[in-house]
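Structure first, then comments.
In this chain, numbering begins with 1 at the start of the sequence shown. Note that ligands are numbered from 1 as they come in the structure, with each ligand's atoms numbered from 1 the same way.
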Amino acid sequence: MSFASLGLSAPILKAVADQGYDTPSPIQVQAIPAVLEGKDVMAAAQTGTGKTAGFTLPILELLSGGERAHANQVRVLIITPTRELAAQIGESVITYGKNLPLRSTVVFGGVKINPQMMKLRKGVDILVATPGRLLDLYNQNAVKFKQIEILVLDEADRMLDMGFINDIKKILALLPKQRQNLMFSATFSDDIRKLAKGLVNNPIEISVSPRNTTVESVDQWIYPVDKKQKTALLINLINENNWHQVLVFSRTKHGANKITAQLEKVGLKAAAIHGNKSQGARTRALANFKSGEIQVLVATDIAARGLDIDQLPHVVNFDLPNVPEDYVHRIGRTGRAGASGQAVSLVSADEIKQLFDIERLIKQLLPRKLIDGFEPVHDLPESRLDTRPIRSKKPKKPKVGHRDGQRSGENARGHKPSSKNKRHTGSRNRVSGQSGNR
Ligand code: AMP
């Protein structure tokens, strides 16, 4: 299967070839023809599957015909939950559209609104936006929706998790009825399906399993270790194994800062990325990490979600996430695009419940390794695989203070996300079981 056979034209094929992609990923094989045909699409796909190109490439193809955007108008609106995702999609649009005379821009909160208003003045073919800032721009007449041809809702589940449902509903009500809709979500919970009902018409349903969570592409194991030894063990692992590019996950922002400071103290180049960091600091940290200037990036779960870092060799879970699905998202940062990666977790005795939950979710026991000098005094109990199916129950909401999702998500007007946020733990598991293109 080649990109050419999917119906894309020369300028786009050239941009794709320049990226070094030779074969379309499964989601691209399914999504590109469907979008080109003008169909609505509902896709269960996570970051790492190639979904961004899956919708961007055919959109660029469709846009190369048709009337250009008038003043303040937009032809394609891509809504995404976080600033990082918005910036990354914006970059992809530029990369894949570099041989086309199309205008695009990205808007998100946390930065000045005026430059964004200026960019929208002449109209843009593609606008990538986070929900709150988009509404602010609309309310100030900086963006108009009359010319919208296509709407993309990216990471819809995360958007609901982050309390954007009301903003989304408001935006949907403002759009022209006649349009093509593409909806992407890692999971399809009842709430997502409800949202989809009012959004997509007779959609092509696509489901691909996240290729980067398969055991073949990611080597996973844990190091049982005492809590107070974790930093020393992390430093030992990085130095002994010569890890040159490591993404470390911390459950809390405070933890991320502390780990970063401790790594810097021993001369390792590290930076933290979380919701309390300014947009500039986050963008800089990511760029420096990608260029190799920074060796260790320490991130909280939501700040890291969607980070587009190719073929990251090492992911370390400094602590285990409270929500087992976050473990899958975390290790999804490694072993991407067919490359193999390593995901290791430092697990202390008090994290046994999180470990059991993760092992139950991924349906395997994680191998354990010990490092001389770091054997735990507080024993980590043996795991026994819980093979009971995970029911679609609504788990307790994690404490806001322990996660930075809300704040790392853009909410330009300082709105507190809805207290009705719920994570749909059980349903995530169902995604991989969904049937393919129906
Ligand atoms: P995404 O799921 O959109 O975040 O994409 C994940 C990563 O895969 C990105 O870094 C893309 O550059 C890369 N990618 C997307 N499509 C392909 C492809 N067909 N071949 C190789 N890499 C790809």
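A distance below 6.0 Å separates the ring centres of Phe55 and Phe184.
Atoms of ligand 1 found under 4.0 Å from any heavy atom of Lys51 (numbered from 1 in listed order, with element): 1 (P), 2 (O), 3 (O). Less than 4.0 angstrom separates some heavy atom of Thr23 from each of these atoms of ligand 1: 18 (C), 19 (N), 20 (N). The atoms of ligand 1 that sit less than 4.0 Å from any heavy atom of Ser25 are 19 (N). Each of the atoms 1 (P), 3 (O), 4 (O) of ligand 1 lies under 4.0 Å from some heavy atom of Thr52.
Taking the charged nitrogens against the carboxylate oxygens, Arg103 and Asp125 have no contact shorter than 4.0 Å, which rules out a salt bridge.
With a 6.0 Å cutoff to the six-membered ring centre and a 45° limit on the axis angle, Lys144 does not count as a cation-pi contact of Tyr138.
With a 4.0 Å heavy-atom cut-off, ligand 1 is reached by the side chain of Phe3 but not by its N, CA, C or O. No part of Gln19 comes within 4.0 Å of ligand 1, judged by heavy-atom distances. Of all the heavy atoms of Asp22, none lies under 4.0 Å from any atom of ligand 1, so neither backbone nor side chain is involved.
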Criterion side chain to side chain contact (heavy atoms under 4.5 Å, CB included) on Ile79 and Val152, from CA distance to verdict: CA-CA 6 Å; Ile79 306 179; Val152 181; over 6 Å; no
Begin with the C-alpha distance, continue with both residues' side-chain angles, and end with the deciding distance and a verdict on side chain to side chain contact (heavy atoms under 4.5 Å, CB included) for Gln116 and Arg133. CA-CA 10 Å; Gln116 297 178 349; Arg133 178 54 61 96; 2.9 Å; yes
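Checked by distance only, ligand 1 and Gly50 come closer than 3.5 Å through their nitrogen or oxygen atoms.
Distance NZ/Lys98 to CD/Gln19: 6.5 Å, rounded to 0.5 Å.
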